[in-house]
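All values below come from the heavy atoms of this structure, side chains included, with hydrogens, waters and symmetry mates left out. Letters A, B, ... mirror the listed sequences (proteins, then strands); counts begin at 1.
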Amino acid sequence: MARRYLPVVAFTVLLVAIQLATRFTATPYHLTQLTMTAYYSLIIVGLCMLIGYAGQISLGHAGFFAIGGYVTAFLTTFNLKPHPGVIVSLLSKSGVLVARPDAYGGDLLTVHPWLACGIAILLAVVIAYLVGGPVLKLKGHYLAMATLGFGIIVYRMVLGTEFLGAADGISDVPGFPLLSGVVITGNSSARVSNYYVAWGLVILGVVLLLNLIHSRVGRALAAVHGAEDAAGAMGIPTARYKLNTFVLSAVFASLAGVLLTHYNGGIGPSEAGVMKSVRYVAIVAIGGMANLWGALSMSLVLNYLSLRGYFGTYDDAVFGVILILIMLFAPDGLLRRHLLSDLKRMVSRNPAGKEAS
Amino acid sequence: MYAIVAIGFNIIYNATGIINFAQGEFVMLGGMTAVTLNRFMPLPLAIPAAVAITTIVGAIIEIVFIRWLHKPSVLRMVIITIGVSILIRETALHIWGESVKALPYFTGSSVSSINLGGVYISSQILWVVGIGALVVAALGAFFNLTMLGRQMRACSANRDAARLCGIDAGNMVTLSFMVSAAIGALGGCIICPITYVQYDSGTPLAIKGFTVAILGGLGNSTAAVGAGMILGILESFSIWVLPTAYKEAISIAILLAILFVKPSGIFGSAEAARLKEF
């Protein structure tokens with residue numbers, strides 16, 4: 001077993017320990033926030049890949065989260081029954097539609113969550129390609145502003161669009177039947193299974209990314225991050241690698257959006273807000289830019305505290321202060337010591353002082 | 001109005017090469033302070049006082065957060081100024097709450113208007129245009145005619161060379177933050193009777209200001225005025241075509257379009273832009 005999988009085991013043990021702890025202290029309600037934390041962590045690791053390993057900042061990832069969440073929420077709550085037609089009948093024959101009663105006892109005929117999820121992620125990929133192409137040609141301030149602008153456009157769109165619920169968002173989103181018997185839902189009886197499903201997905205994602213980082217592509221990305229021109233001169237297609245990493249992180253974010261929306265049973269425009277994007281960047285920065293495990297553990301702690309409401313009305317301010325302090329005193333992140341040795345070498349070779357410049 | 005925010009961006013960018021993401025917060029801060037002070041003192045006193053307070057805040061921010069960073073990377077600066085803008089916004093939220101505030105019109109009232117050759121214009125618009133023009137003229141004079149202004153320009157051109165000539169580059173950066181904070185605050189005061197001010201009105205302004213600064217070519221204050229007018233007109237027209245809710249998105253879409261097509265701005269030259277860092 002490669003050494004890079006040791007933290008995977010350690011993290012899994014920690015997760016099981018947390019679950020057992022809540023079991024024996026009879027505080028299983030904490031698992032709800034921890035499950036939501038897991039989905040937010042999915043965005044964080046994707047973003048960590050983009051910022052830390054490809055060296056591209058994105059202040060618009062809440063936008064991709066919202067695209068995933070809103071598309072799936074819309075498709076799984078939009079009633080097709082009053083719209084009979086060729087497409088609808090074709091869809092229902094192919095078995096991708098589900099009928100269920102709505103909150104008022106009426107009949108609903110909607111798209112199956114699997115299909116909705118597929119469409120949501122596909123859309124996110126398309127948008128990421130369209131946006132990423134021109135955006136990633138920019139650097140520094142311009143890249144930050146452009147991605148921030150993208151995030152705000154998505155926010156304004158969901159806030160101003162009537163059929164996306166405007167300021168209220170979309171509620172009454174059904175659960176996501178993942179496998180037979182495993183449904184992603186906020187139902188308290190499924191709390192433990194959902195906790196494991198969510199964190200299982202996160203760990204799966206991290207393992208995928210770790211393999212990517214240690215592959216040829218990962219080394220190429222490290223080269224792009226360190227000295228882009230030199231990397232280009234060595235024959236690395238820098239633009240394509242940056243774009244693909246961007247799309248990959250967008251997929252992570254939109255998948256998180258889809259799943260969390262099914263888990264919460266709804267989504268609101270605040271999920272697309274600028275502060276959310278800034279928060280994700282803050283957590284990646286605290287974890288150490290190029291440090292998946294650091295970002296993941298910081299996400300676990302901070303998202304959980306934030307969701308439990310420990311910061312009260314100072315929630316956003318806390319993340320602002322964290323950002324400033326980290327950037328002033330420890331631009332390489334707090335958890336550098338806890339790194340795997342090979343990751344450590346990577347960080348010291350690419351000090352965060354050269355980030356995206 | 002957008003031009004004023006954009007000029008604020010340009011001053012700091014010119015002196016330091018930093019884009020200050022907290023620029024919009026200075027505008028909000030100026031407006032808010034003026035509204036509060038206006039309760040205790042007359043308007044002509046409240047506005048200079050508000051500008052002075054915001055200037056001090058700008059200086060404090062520079063001294064506390066920016067000054068002692070040696071050769072900071074762009075990413076670090078972006079994140080720090082974003083953090084600062086969040087801090088200012090949250091502080092404002094806890095001081096002033098969520099309510100929308102406004103100053104009274106300087107002359108006349110919201111319904112009165114002045115007839116200018118057949119076109120009726122609110123008197124406040126004239127104040128905005130007049131003070132805006134005054135600010136641009138004063139800045140031009142400051143940067144070209146005074147010793148201090150020249151020193152600031154020298155710092156922006158080449159900080160090491162300026163230091164060799166005996167210019168205190170650190171103080172120049174502080175000064176540029178103060179000047180841009182003052183201009184932002186003044187803008188906040190004169191616009192606030194029309195647009196009102198709220199604790200979170202800074203961020204959209206900062207983005208529009210940035211759009212204008214890019215549109216006009218980063219670092220060019222005169223072009224920023226023209227670009228500010230273009231954006232204002234485009235925005236007003238967009239309401240005809242699209243729902244009002246999308247108004248904010250329009251300026252950002254313009255920003256993205258400009259960034260994609262011509263990052264040097266419509267008035268900037270590609271030659272000069274190549275020397276800057278994108």
Side-chain angles (χ1 to χ4, degrees), chain A residues 51 55-57 59 131 133-135 137-157 159-162 166-167 273-275 277-279 281-282 285 289 313-328 331 351-357, chain B residues 9 13 17-21 64-66 68-91 93-94 200 203-204 206-207 210-211 213-214 218 242-261 263 276-278:
Chain A
I51 298 182
Q56 309 296 314
I57 191 173
L59 288 168
V131 173
V135 157
K137 289 199 189 101
L138 306 165
K139 288 197 179 104
H141 299 126
Y142 293 81
L143 180 62
M145 249 317 174
T147 52
L148 184 67
F150 165 73
I152 292 177
I153 289 180
V154 173
Y155 175 65
R156 286 287 155 190
M157 296 289 261
L159 197 61
T161 309
E162 211 48 58
V274 174
M275 262 319 291
S277 295
V278 172
R279 168 177 306 190
V281 174
M289 292 293 187
T313 52
Y314 294 95
D315 202 37
D316 286 347
V318 166
F319 283 91
V321 171
I322 287 174
L323 261 188
I324 295 178
L325 291 181
I326 290 294
M327 281 300 129
L328 286 181
K354 285 181 198 144
E355 225 68 69
S357 56
Chain B
F9 268 114
Y13 181 81
I18 297 170
I19 298 282
N20 181 15
F21 278 73
V64 174
F65 298 114
I66 314 285
W68 50 281
L69 287 174
H70 297 290
K71 289 194 191 296
S73 72
V74 174
L75 184 64
R76 270 177 89 186
M77 291 317 311
V78 168
I79 294 181
I80 287 175
T81 54
I82 287 177
V84 169
S85 91
I86 294 169
L87 267 191
I88 297 178
R89 189 165 65 229
E90 292 299 310
T91 317
L93 174 62
H94 282 276
D200 63 352
T203 318
I207 289 181
F210 186 78
T211 311
I214 299 269
L218 204 53
L242 287 164
T244 330
Y246 293 146
K247 192 179 141 201
E248 300 280 323
I250 293 296
S251 62
I252 300 157
I254 295 173
L255 165 71
L256 289 180
I258 293 289
L259 281 177
F260 296 162
V261 180
K276 290 173 190 156
E277 186 191 356
F278 286 108

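- Interface remark: A:I322 contributes no atoms to any contact with chain B (heavy atom separation under 4.5 Å).
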Apply the test side chain to side chain contact (heavy atoms under 4.5 Å, CB included) to residues A:V281 and B:I82: give CA-CA distance (whole Å), side-chain angles for both, the deciding distance (0.1 Å), then the verdict.
CA-CA 11 Å; A:V281 174; B:I82 287 177; over 6 Å; no
Take A:M275 and B:E90, measure what side chain to side chain contact (heavy atoms under 4.5 Å, CB included) needs, and give me the verdict at the end.
CA-CA 11 Å; A:M275 262 319 291; B:E90 292 299 310; 5.7 Å; no
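- Closest heavy-atom contact between A:I324 and B:I80: CG1-O, 4.1 Å.
- Proximity to chain B involves both the backbone and the side chain of A:M157, based on heavy atoms less than 4.5 angstrom apart.
- With sequence neighbours excluded, the residues forming a ring pair (Phe, Tyr, Trp, His ring centres under 6.0 Å) with A:F150 are A:F64, listed by chain and number.
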